[in-house]
Undergrad: 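Before we start, here is the structure in question, set down as structure tokens.
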Amino acid sequence: MHLKTLRNITKFKPIERNFYLRETIEVAEELLGQLLVRVIDKNLMAVRITEVEAYRGLLDPASHAYRGKEGRARIMFGDVGYAYVYLSYGVHYCINVVAKSEDQEAGAILIRSGEPVIGYQFMKLFHDREKCKISSGPGNLTKSLNINASYNGYDLTAGTELYISRGWLNKGEKIVSSTRVGISRATDKKWRFLIAGNCTVSKKP
DNA sequence: GGGACGATGTCCT
DNA sequence: GGACATCGTCCCC
């Protein structure tokens, strides 16, 4: 990251809860460029979010919330700004942030990829990869930031061990949408958003 | 109770 | 491009 940009960030302050109290898809798009901040024993790490997917509620067949609130996705029916973390394929953790308008019963955004901006060397202790690959894809992202199931239900607005803070979009960066990755239902919905051309995006649209 | 199946990543050919 | 690791959840028998 450029020093100029770093100077503009006076403090890593979590984004307020109201940011997430809007239509899931709208929040998803605006999450691009924001910072996912991780603090472990006074070590600071942050990635700039480059790829996300919106998952809605009872009307989205691809969503874990599709079958109702009595399953693993019950967090998605709760208050906004909290993390929904689940184990994928028995191997990888994936992290979502709950976001929905007051009209929506459920909704969350899967954070798929990020670009390391702070603490890359520390991240490598958890996942030793080059910068473009270390947080590319939902499983790699959680591995590089040492996020596991204990963060399911964690408040991402508290500003403690894990939170989201204001970031930036670089000049000329464009946001594009595409269909979501790895799903077998509702494959027509273009609810994946990414920063075009960024090397950390997991699968080019 | 049991089996199929993932919002994936890696390694092999 | 394909096999497979690996386990929680869900759905059906």
Side-chain angles (χ1 to χ4, degrees), chain A residues 20 23-29 31-32 34 36 47 49-78 80 82-100 104-116 123-154 156 162 164 175-195 198-205:
Chain A
Y20 305 100
E23 165 60 44
T24 309
I25 292 168
E26 185 182 336
V27 178
E29 204 164 344
L31 272 181
L32 292 175
Q34 314 295 7
L36 180 61
V47 300
I49 297 169
T50 57
E51 180 186 357
V52 297
E53 284 176 0
Y55 287 88
R56 298 164 60 81
L58 302 173
L59 298 177
D60 180 3
S63 174
H64 290 169
Y66 182 58
R67 303 185 189 286
K69 73 175 75 167
E70 298 309 319
R72 60 177 158 174
R74 60 190 169 281
I75 301 270
M76 288 177 65
F77 289 82
V80 300
Y82 288 83
Y84 167 43
V85 180
Y86 69 93
L87 183 62
S88 175
Y89 289 88
V91 184
H92 314 284
Y93 293 105
C94 297
I95 184 169
N96 298 247
V97 54
V98 178
K100 57 195 167 82
Q104 294 176 259
E105 73 292 334
I109 297 147
L110 171 67
I111 302 174
R112 289 185 58 89
S113 300
E115 169 186 87
M123 290 168 63
K124 283 175 80 173
L125 298 179
F126 303 112
H127 198 36
D128 190 8
R129 301 296 213 77
E130 58 171 293
K131 267 195 171 183
C132 286
K133 301 273 177 66
I134 193 167
S135 300
S136 174
N140 288 322
L141 179 114
T142 54
K143 188 168 186 188
S144 64
L145 296 176
N146 198 32
I147 296 167
N148 57 39
S150 72
Y151 287 91
N152 190 34
Y154 195 84
L156 296 175
L162 182 63
I164 299 171
I175 292 171
V176 298
S177 68
S178 78
T179 55
R180 294 172 290 183
V181 175
I183 55 168
S184 56
R185 291 175 293 190
T187 52
D188 58 319
K189 301 289 189 297
K190 297 177 83 170
W191 290 345
R192 177 188 185 217
F193 300 94
L194 54 94
I195 297 176
N198 189 286
C199 73
T200 67
V201 170
S202 60
K203 285 177 176 146
K204 313 308 169 198

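Nothing here was measured: the structure is a model prediction, and the numbers come from that model. A, B, ... follow the sequence lines: proteins, then strands. Residue 1 opens every chain. Basis for what follows: all heavy atoms, side chains included, without hydrogens, waters or symmetry-related copies.
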Undergrad: For a quick check, tell me whether the side chain of A:Tyr89 and the base of C:dA5 share a donor-acceptor pair closer than 3.5 Å.
TA: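 No such pair is found, so the answer is no.
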Undergrad: For A:Leu87 and B:dA7, what is the distance between atoms CG and C1' respectively, to the nearest whole Å?
TA: 12 Å
Undergrad: Measure from CG on A:Asn96 to P on B:dT8 and round the result to the nearest Å.
TA: 11 Å
Undergrad: In whole angstrom, give the distance that lies between atom CD1 of A:Ile183 and atom C1' of B:dC5.
TA: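 Rounding to the nearest Å, CD1 of A:Ile183 and C1' of B:dC5 are 15 Å apart.
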Undergrad: Checking side-chain polar atoms at under 3.5 Å, does A:Ser144 have a donor or acceptor matched by the opposite partner on A:Ser135?
TA: yes
Undergrad: Expressed as a whole number of angstroms, how long is the span from A:Tyr86:OH to C:dC10:C1'?
TA: 15 Å
Undergrad: Mind checking A:Asn140 for me? I need base, sugar-phosphate or nothing, with any heavy atom below 4.0 Å counting as a touch.
TA: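 If one applies the 4.0 Å heavy-atom cut-off, A:Asn140 turns out to touch the sugar-phosphate alone, with no base involved.
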Undergrad: Within the structure, does a side-chain N or O atom of A:Arg192 lie under 4.0 Å from either OP1 or OP2 of B:dA7?
TA: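 Indeed not, no polar side-chain atom of A:Arg192 lies that close.
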Undergrad: Just by distance, do the side chain of A:Thr24 and the backbone of A:Ala99 share a donor-acceptor pair under 3.5 Å?
TA: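 Confirmed, A:Thr24 side chain pairs with A:Ala99 backbone.
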Undergrad: Let me know which of A:Arg112, A:Lys203, A:Lys190, A:Lys189 forms a salt bridge (Lys or Arg N to Asp or Glu O under 4.0 Å) with A:Glu53.
TA: A:Arg112
Undergrad: Sort out the partner of B:dA7 for me: Watson-Crick or G-U wobble, both distances under 3.5 Å, none otherwise.
TA: none
Undergrad: Given C:dG8, B:dA7, C:dT6, identify the nucleotide with an atom nearest to the side chain of A:Val91.
TA: C:dT6
Undergrad: A:Met76 has an atom CE; how far is it from atom P of B:dA7, in whole Å?
TA: 12 Å
Undergrad: Describe the nucleic acid contact of A:Val181 in one word from base, sugar-phosphate, nothing, applying a heavy-atom distance below 4.0 Å.
TA: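 Here A:Val181 touches the backbone only, sparing every base.
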Undergrad: Would a 4.5 Å heavy-atom cut-off, applied to side chains only, mark A:Trp191 and A:Asp60 as touching?
TA: yes
Undergrad: Can you tell me how far P of B:dC5 sits from CZ of A:Arg67, to the nearest Å?
TA: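 So the CZ-P distance, A:Arg67 to B:dC5, works out to 13 Å.
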Undergrad: Is a side-chain donor or acceptor of A:Arg56 paired with a backbone partner of A:Ser63 at a separation under 3.5 angstrom?
TA: no
Undergrad: Does the aromatic ring of A:Tyr55 sit over the six-membered base ring of B:dA7, closer than 5.5 Å centre to centre and tilted less than 30°?
TA: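 Answer is yes, a stack.
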Undergrad: Using Watson-Crick or G-U wobble geometry with both distances below 3.5 Å, tell me the partner of C:dT6, or none.
TA: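 Its partner is none (no Watson-Crick or G-U wobble pair with both distances under 3.5 Å).
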Undergrad: What is the distance, rounded to the nearest whole Å, between atom NE2 of A:His92 and atom P of B:dC11?
TA: 11 Å
Undergrad: Taking only side-chain nitrogens and oxygens of A:Arg129, does any of them come within less than 4.0 Å of OP1 or OP2 of B:dT10?
TA: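 Affirmative; the distance criterion is met.
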Undergrad: The side chain of A:Arg72 is closest to which nucleotide in this list: C:dC10, C:dA5, C:dC7?
TA: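 That would be C:dC10.
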Undergrad: Between atom CD1 in A:Ile75 and atom P in C:dT9, what is the gap in whole Å?
TA: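 My rounded result for the distance is 12 Å.
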